[in-house]
Novice: 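The structure is given below, and queries will be raised subsequently.
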Amino acid sequence: MSHWLLKSEPDVFSFEDLISRPKKTEPWNGVRNYQVRNYMRDEMKVGDLGFFYHSSCPNPGIAGVVRLSSEAKPDPTQFDSKSEYHDPGSKKEDPRWLLVDVTWEATFPKFVSLDDLRSAPELAEMLILRRGNRLSITPVSHAHFTKICAMGGLKKVPK
DNA sequence: GCCAACGTTGGC
DNA sequence: GCCAACGTTGGC
């Protein structure tokens, strides 16, 4: 099983928004980056775990854990001319952009802030902490996943 | 295929 | 609002 970190701007869609959704599940639409699209297509599997990261906000950091609940499938917003994610160059018979469904798994008793991540020496290699990293989904090692779950106050690491 | 211009991301 | 980083676009 692989582990992931998924960024979302809480003004647009927050961890609390996910919890309030039916079945605590949301289609992760709007990815318009080829590298992230390829992660979804080639590497992300049903049952994989991920962190829900709040970005571009006063207190960036990780709010909790999610689980991937679908395989990659076409993102319908690419065909919706009213959507900000509309891509007129994508064809129905050959969709350019994919999404996966994401389901709430666990809420961290203690929010793990970006400062917390930066201050943990064993997390120094995390992609999210590298300058200029702008991918909205990044892989997370099993060791980092376990460490961050502990920092978040989870008694049991989801698996 | 190169690369300058442009747009977006995201922390501060 | 600033700005560094970097992906994308488009002229050639």
Side-chain angles (χ1 to χ4, degrees), chain A residues 2-21 26-44 48-68 72-141 143-145 147-153:
Chain A
S2 304
H3 300 84
W4 307 93
L5 183 145
L6 293 80
K7 293 184 199 169
S8 186
E9 299 184 24
D11 288 350
V12 178
F13 187 77
S14 70
F15 195 60
E16 292 71 28
D17 292 331
L18 176 65
I19 291 170
S20 71
R21 285 291 195 265
E26 179 76 358
W28 205 258
N29 60 27
V31 168
R32 295 296 181 268
N33 171 282
Y34 286 103
Q35 194 173 344
V36 175
R37 191 277 309 270
N38 294 347
Y39 281 148
M40 294 197 291
R41 185 189 62 196
D42 303 332
E43 299 184 46
M44 297 176 77
D48 280 1
L49 293 163
F51 291 130
F52 195 113
Y53 180 90
H54 285 170
S55 66
S56 296
C57 59
N59 189 20
I62 299 172
V65 179
V66 296
R67 192 180 294 274
L68 305 191
K73 54 191 176 183
D75 178 348
T77 64
Q78 70 195 299
F79 304 119
D80 178 359
S81 60
K82 296 188 198 69
S83 171
E84 62 176 312
Y85 301 126
H86 182 228
D87 181 354
S90 181
K91 298 189 178 68
K92 281 250 182 185
E93 61 274 18
D94 184 23
R96 182 176 289 165
W97 304 113
L98 304 174
L99 61 73
V100 296
D101 289 341
V102 165
T103 300
W104 175 88
E105 176 74 17
T107 302
F108 280 168
K110 180 187 176 306
F111 184 84
V112 178
S113 70
L114 180 59
D115 284 346
D116 293 336
L117 296 172
R118 288 198 194 285
S119 60
E122 54 270 70
L123 301 179
E125 299 303 314
M126 278 192 81
L127 292 173
I128 188 75
L129 301 181
R130 294 243 285 260
R131 283 167 66 90
N133 167 53
R134 291 163 41 189
L135 297 179
S136 60
I137 299 178
T138 46
V140 174
S141 74
H144 290 168
F145 186 83
K147 168 68 180 174
I148 292 168
C149 284
M151 292 168 70

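Chain letters run A, B, ... following the sequence lines, proteins first and then strands; every chain starts at 1.
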Novice: State, without any angle test, whether A/Asp116 and A/Ser113 hold a side-chain donor-acceptor pair at a distance under 3.5 Å.
Specialist: yes
Novice: With no hydrogens and no angle check, just 3.5 Å: does a side-chain donor-acceptor pair link A/Gln78 and A/Ser90?
Specialist: yes
Novice: Answer yes if the ring centres of A/Tyr39 and A/Trp4 are under 6.0 angstrom apart, and no otherwise.
Specialist: yes
Novice: If a protein heavy atom is under 4.0 Å from the base, mark B; if only from the sugar-phosphate, S; if neither, -; do that for nucleotides 5-12 of chain B going 5' to 3'.
Specialist: --BBBBSS
Novice: Apply the test side chain to side chain donor-acceptor pair (under 3.5 Å) to residues A/Asp87 and A/Trp97: give CA-CA distance (whole Å), side-chain angles for both, the deciding distance (0.1 Å), then the verdict.
Specialist: CA-CA 9 Å; A/Asp87 181 354; A/Trp97 304 113; 2.8 Å; yes
Novice: Is it true that the side chains of A/Arg32 and A/Thr77 contain a donor and an acceptor less than 3.5 Å apart?
Specialist: yes
